[in-house]
Participant: 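This is the structure I have questions about; it appears just below.
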Amino acid sequence: MTDTTQQLPTAPLVSTEAYRRRLRWAQGVLLLFHVTGFLGLGFSDDPSFYLQFVPLNLLLTLVLLLAFQPRRTPAFWSFCIVTMMVGFFVEVVGVRTGLLFGRYTYGGALGTKWLDTPLMIGVNWLMLSYSAGILARYLPLPGFLRAVVGAGLLVGLDVCLEPVAVRYDFWSWQYDVIPLLNFKGWFLVSLILQVYFNRVEFIKRNPLVPFVYLLQLLFFFGLGMML
């Protein structure tokens, strides 16, 4: 399938003061949530109070990202739905078999579960896959190489995320050891989703994405350094 996304008309991203104000507002809200969570998890005697807002933070981040996606076409929504479903059911297979990522179980921090897997994990896969795909398109590379870069961005974030996730009951690993298979599995699934991202025809620009990725990277890296 030919990538025609660059031929589509694009909405003005930063052409008006009103749009810039919306962007600054969204960045401010996300910064407030992440700084509050960082201070609460890193310095509070009772981090469980802050952990209950993890699903809300995931949903808020995704909603704000989607709000800055130009022209939310049926093709774009199909990408969202497919990515969430693939992400969720890949994790179901991972939890049930241990074949994709190693032996692990989910804790309670990510909220309601179905098939031993939090429903929010599909939201997380969509948010990260979408963000990585947008960032990779800043590079003048062929489609598959951009997919490799996007998958690498996802794995890089997972490296920072893993120690924090284990510490705060997002999930736990058998024998308390994060296996190398986890990162291989993340790269493989991420690569498939990035190839899919590149092939679906919708406008692939979002001014909020770089801020969200950097914020999450600093959030997890900072907490990880404190553990």
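Predicted, not measured: the structure shown is a model, and the values here were computed from it. Side chains included, hydrogens not; waters and symmetry mates left out as well; all remaining heavy atoms used.
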Participant: Under a plain distance cut-off of 3.5 Å, with no hydrogens placed, do D46 and S44 share a side-chain donor-acceptor pair?
Facilitator: no

Participant: Rounded to the nearest 0.5 Å, how far apart are CG of L100 and CG of N182?
Facilitator: 10.5 Å

Participant: So do the side chains of L58 and L110 get within less than 4.5 Å of each other, counting heavy atoms only?
Facilitator: yes

Participant: Looking at CZ of R22 and CG of L64, how far apart are the two atoms once the value is rounded to the nearest 0.5 Å?
Facilitator: 10.0 Å

Participant: Could you walk me through whether L41 and L51 pass the side-chain contact (heavy atoms from CB on, under 4.5 Å) check?
Facilitator: CA-CA 8 Å; L41 295 178; L51 286 171; 3.7 Å; yes

Participant: Do E162 side-chain atoms and V159 backbone N/O form a donor-acceptor pair below 3.5 Å?
Facilitator: no

Participant: Please report the C-alpha distance between Y104 and V166 in whole Å, then the side-chain angles of each, then the deciding distance to 0.1 Å, and finally whether the side-chain contact (heavy atoms from CB on, under 4.5 Å) criterion is met.
Facilitator: CA-CA 10 Å; Y104 66 108; V166 171; over 6 Å; no

Participant: Work out which heavy atom in L139 is nearest to a heavy atom in R146; give both atom names and the distance.
Facilitator: O-CD, 3.8 Å

Participant: Can we call the ring centroids of F197 and F202 under 6.0 Å apart?
Facilitator: yes

Participant: Are there over 12 heavy-atom neighbours, none belonging to M85, within less than 6.0 Å of that residue's CE?
Facilitator: no

Participant: For a 4.5 angstrom cut-off between non-hydrogen side-chain atoms, does L215 reach F219?
Facilitator: no

Participant: So, for G98 and L181, which heavy atoms are closest and what is the spacing to 0.1 Å?
Facilitator: O-CD2, 3.9 Å

Participant: Kindly say whether L208 contributes a backbone atom to a donor-acceptor pair with the side chain of Q27 at under 3.5 angstrom?
Facilitator: no

Participant: On a heavy-atom basis, which atom in I178 and which in P163 lie closest, and how many Å separate them?
Facilitator: CD1-N, 4.5 Å

Participant: Measuring from atom OG1 of T105 to atom CG of D169, what distance do you get when rounded to the nearest 0.5 angstrom?
Facilitator: 8.5 Å

Participant: Within 45 degrees of the axis of the six-membered ring of F76 and under 6.0 Å from its centre: does R71 put its NZ or CZ there?
Facilitator: no

Participant: Keeping Q69 on the side-chain end and I203 on the backbone end, is there a donor-acceptor pair under 3.5 Å?
Facilitator: yes

Participant: Do W125 and F88 come within less than 4.5 Å of each other through their side chains, counting heavy atoms only?
Facilitator: no

Participant: Determine, stepwise, if the pair L191 / F144 fulfils side-chain contact (heavy atoms from CB on, under 4.5 Å).
Facilitator: CA-CA 9 Å; L191 182 60; F144 184 74; 4.2 Å; yes

Participant: Going by heavy atoms in the side chains, are F79 and T73 under 4.5 Å from each other?
Facilitator: no

Participant: Could you pull out the closest heavy-atom pair between V200 and A75, with the gap in Å?
Facilitator: CG1-O, 3.5 Å

Participant: Minimum heavy-atom separation for A136 to V149, with atom names?
Facilitator: CB-CG1, 4.2 Å

Participant: To the nearest 0.5 Å, how far apart are CZ in R137 and CZ in R205?
Facilitator: 8.5 Å

Participant: Should H34 and T61 count as side-chain neighbours, where that means a heavy-atom distance under 4.5 Å?
Facilitator: yes

Participant: For V209 and S131, which heavy atoms make the closest approach, and how far apart are they?
Facilitator: CG1-O, 3.4 Å

Participant: Would you please say whether a donor-acceptor pair under 3.5 Å links the side chains of N206 and Y130?
Facilitator: yes

Participant: I would like to know whether F211 and L65 meet side-chain contact (heavy atoms from CB on, under 4.5 Å); could you show each step before the answer?
Facilitator: CA-CA 10 Å; F211 181 83; L65 279 173; over 6 Å; no

Participant: More than 12 heavy atoms of other residues, nucleotides or ligands under 6.0 Å from CZ of F187: is that the case?
Facilitator: yes

Participant: Does some side-chain heavy atom of Y196 sit less than 4.5 Å from a side-chain heavy atom of V86?
Facilitator: no

Participant: Where the side chain of K113 meets the backbone of G108, is there a donor-acceptor pair that is under 3.5 Å apart?
Facilitator: no

Participant: Starting at CD1 of I121, measure out to CD of E91 and round the result to the nearest 0.5 Å.
Facilitator: 5.0 Å

Participant: What about the rings of F38 and Y50, do their centers lie closer together than 6.0 Å?
Facilitator: no

Participant: Would you check if W186 and L128 make a side-chain contact, meaning some heavy-atom pair closer than 4.5 Å?
Facilitator: yes

Participant: Is there a side-chain contact between M120 and V54 (heavy atoms, below 4.5 Å)?
Facilitator: no

Participant: Treating R103 as the side-chain partner and T97 as the backbone partner, does any N or O pair qualify as donor plus acceptor under 3.5 Å?
Facilitator: yes

Participant: Working to the nearest 0.5 Å, report the span between CG of N198 and CG of L193.
Facilitator: 11.0 Å

